[in-house]
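Quick one: structure below, then a few questions.
So you know, we letter chains A, B, ... as the sequences are listed, proteins then strands, and number each from 1.
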Amino acid sequence: MTGPGERADEIAIVVPGPFATVQDLGRPGLAHLGITRSGAVDRHSLRLANRLVGNVPSAAAIEVTYGGLIVRFSHPGMIAVTGAPCPLELAGHQIGMYAPVDVQAGALLRVGVPAQGVRTYLGIRGGVDVPAVLGSRSRDTLAGIGPEPLVAGARLPLGREMSDPPTVDLAPHARYVDQPKLRVLAGPRADWFDAAALADLCAKVYEVTADSDRVGVRLRGPAMHRRITAELPSEAVVAGGIQIPPSGQPVIFLADHPVTGGYPVLGVVAAADLPLAAQCRPGQRLRFRPARGLVNARPDD
Amino acid sequence: MRILPCGGEALLVEVANLQEVEELYGRLRRNIPPGVIDLVPAARTILVAFDPAATGPARLRALLQEVSAGSAGRHPPATAKVAPPAMIIPVRYDGPDLGDLARLTGLTPAQIIQRHLHGRHRVAFCGFAPGFAYISGLDPSLRVPRRNSPRTRVPAGAIAIADEFTGVYPRASPGGWHLIGRTDLTVFDLTRDPPALLMPGAAVRFVAADAAGAVRS
């Protein structure tokens with residue numbers, strides 16, 4: 001508890017960079033009210049940042065898009081930076097990614113521009129403690145729910161969402177590859193396409209376009225053609241869903257996807273590979289590969 | 001009923017029509033299968049999202065088949081059970097599209113309003129925006145497609161119809177439905193729990209209110 005006149009631990013946003021938001025694991029279980037899950041688009045990196053600083057997995061962190069964030073810490077604390085690798089400077093000294101680092105009161109952290117990937121996560125011991133909306137501190141950019149995107153001068157209080165003192169010194173992390181291969185499972189409307197459509201999708205190379213965002217990764221490449229051209233009554237979609245709009249150019253839904261969609265979903269990117277999709281930059285190429293084993297390997301199948 | 005794959009953490013159940021969706025959704029909602037984290041009804045489908053650590057697609061498929069078989073006529077439909085009181089929505093029927101609708105349907109604006117008031121309305125599902133409810137029960141003579149050119153801004157509280165549905169715009173947004181009136185009711189409020197007033201399965205009754213918002217009896 002904070003006594004009268006005593007200021008709680010907080011961080012001040014000096015420069016937010018191109019786009020930065022507070023994100024946690026989102027708002028599951030509200031889709032039937034028209035509210036999408038939202039949360040970190042690279043959930044793997046968010047979880048890792050929280051683990052490195054000894055937070056509970058659901059603690060909120062800062063999702064930094066294309067780096068450029070500068071923050072100042074009011075009190076001593078601990079941070080870990082994960083996701084897209086950026087040069088980091090803390091109080092004038094270079095520090096590393098994917099490791100817990102102690103912070104002194106008044107220290108300035110500068111997050112540079114990532115050489116690879118899109119989203120970098122700044123985890124802070126205790127978690128970002130802005131008011132939760134519907135049980136989550138995530139910014140849903142499509143619906144406009146949750147804390148506003150960060151602006152210069154914003155102050156974010158820190159919370160007490162710790163579990164144990166951190167025990168991991170450095171987390172191993174997979175390198176970002178130039179052309180990731182995303183595992184894809186059958187989607188609900190695969191039968192609206194030719195029988196070979198999923199195999200077809202996996203044989204092609206797609207390029208990520210500049211209008212990709214937290215809603216979805218929009219792709220450019222060989223068009224997928226529908227066999228059934230009737231209008232699809234709106235139906236619920238999932239994160240990872242590969243929707244094929246009339247243009248035939250696939251869209252991979254990310255955390256802020258609309259709850260329902262009116263175009264057929266051909267396949268679904270495996271949840272474990274969605275962070276890779278979320279880290280693809282415009283101009284980068286990606287491929288899909290079939291992942292039937294992921295489901296069939298389950299004991300009850 | 002068809003159970004369609006939807007990646008590793010969901011199934012999509014498809015049925016013949018909206019009524020079957022409402023019936024099956026009601027049954028599933030009253031007895032949510034273990035491991036299911038969300039049930040999302042839509043026009044012809046229900047998405048069954050699950051935690052893959054707690055259950056699996058084969059187990060869920062079997063459960064869904066069982067629930068569906070149980071709903072095939074042997075039990076009274078969900079609407080016959082004791083239902084919570086209907087959500088009452090006071091409407092000022094002064095929408096700018098009543099004239100267009102009169103031309104499209106061959107009815108007078110007064111007939112359109114009467115038929116809308118007498119529908120047996122129910123929230124079928126939500127979508128489009130947080131708290132936007134697709135309300136079923138529209139009189140068949142009022143079914144018209146969406147407007148050719150959507151409006152860039154429809155005010156919060158606008159009551160609109162399209163296809164087989166009535167909707168209440170939870171906040172100002174673009175929209176392509178025909179506006180028939182407005183309500184002062186706040187249908188979506190983030191500070192409320194639950195935030196949405198109109199939840200799938202809820203019965204809805206539209207009542208006419210005068211310009212001051214008072215309900216006419």
Phe128(B) portion near chain A, given a 4.5 angstrom heavy-atom threshold: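 Only the backbone of Phe128(B) comes within 4.5 Å of chain A.
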Closest non-hydrogen atom pair between Leu12(B) and Pro188(A), with its separation: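 Looking at all heavy atoms of both residues, the closest pair is CD2-CB, 3.6 Å.
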For chain A, the option from Pro200(B), Pro130(B), Ala129(B) that forms the most heavy-atom pairs under 4.5 Å: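 Ranked by heavy-atom pairs under 4.5 Å with chain A, first place is Pro130(B).
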Side chain proximity check, Pro195(B) to Leu33(A), heavy atoms < 4.5 angstrom: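 Pro195(B) vs Leu33(A): side chains touch.
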Side-chain touch Leu4(B)/Glu235(A), heavy atoms, less than 4.5 angstrom: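 Result no, sub-4.5 Å side-chain heavy-atom pair not found.
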When Ala43(B), Pro5(B), Ala196(B) are compared by non-hydrogen pairs under 4.5 Å with chain A, the top option: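 The answer is Pro5(B).
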Interchain contact, Pro258(A) with chain B, by part (heavy-atom threshold 4.5 Å):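 Pro258(A) has no heavy atom closer than 4.5 Å to chain B.
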More than 12 heavy atoms of other groups within 6.0 Å of Arg146(B) CZ: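 No - once you tally the heavy atoms of other residues, nucleotides and ligands closer than 6.0 Å, there are 12 at most.
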Side-chain heavy-atom pair Asp38(B), His32(A) within 4.5 angstrom cut-off: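 They are in contact (side-chain heavy atoms under 4.5 Å apart), so the answer is yes.
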Sub-4.5 Å side-chain heavy-atom contact between Val259(A) and Phe132(B):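 No, every pair of side-chain atoms sits at 4.5 Å or beyond.
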Arg61(B) versus chain A, the contacting section by heavy-atom distance below 4.5 Å: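 Interface part for Arg61(B): neither.
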Nearest heavy atoms of Gly127(B) and Thr260(A), plus distance in Å: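 Looking at all heavy atoms of both residues, the closest pair is CA-OG1, 4.2 Å.
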Heavy atoms from other residues, nucleotides or ligands near OH of Tyr263(A) exceed 12 (cutoff 6.0 Å):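 No - once you tally the heavy atoms of other residues, nucleotides and ligands closer than 6.0 Å, there are 12 at most.
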Smallest separation among heavy atoms of Ala31(A) and Val40(B), with atom names: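 Smallest interatomic distance, heavy atoms only, reads CB-CG2, 3.6 Å.
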Residues, nucleotides or ligands: over 12 heavy atoms within 6.0 Å of Met1(B) CE: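 Result for CE/Met1(B): enclosed.
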Contact class of Val133(A) relative to chain B, heavy atoms under 4.5 angstrom: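 It is the side chain, since no backbone atom gets that close.
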Spacing of Tyr134(B) atom OH and Ser234(A) atom OG [to the nearest 0.5 Å]: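 Rounded to the nearest 0.5 Å, the OH-OG separation comes out at 5.0 Å.
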Electrostatic pair Arg37(A)-Glu9(B), nearest N-O below 4.0 angstrom: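 So Arg37(A) does not pair with Glu9(B) through a salt bridge.
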Heavy-atom neighbours of Arg205(B) CZ exceed 12 at 6.0 Å: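 At most 12 heavy atoms, drawn from other residues, nucleotides or ligands, come within 6.0 Å of this atom.
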Closest approach of Ala42(B) to Ala236(A) (non-hydrogen atoms, all atoms of both residues):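 Minimum heavy-atom contact is CB-N, 4.2 Å.
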Option in Ala272(A), Pro233(A), Ala186(A) with maximal non-hydrogen atom pairs under 4.5 Å from chain B: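 Looking at each of Ala272(A), Pro233(A), Ala186(A) in turn, Ala186(A) comes out on top.
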Contact origin within Leu30(A) toward chain B - heavy atom pairs under 4.5 Å: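 Answer is backbone: N, CA, C or O of Leu30(A) sit under 4.5 Å from chain B.
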Enclosure of Arg287(A) CZ (heavy-atom neighbours >12, cutoff 6.0 Å):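 For Arg287(A), atom CZ is crowded (more than 12 foreign heavy atoms under 6.0 Å).
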Residue Asp140(A) versus chain B: region with a heavy atom under 4.5 Å: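 Neither part.
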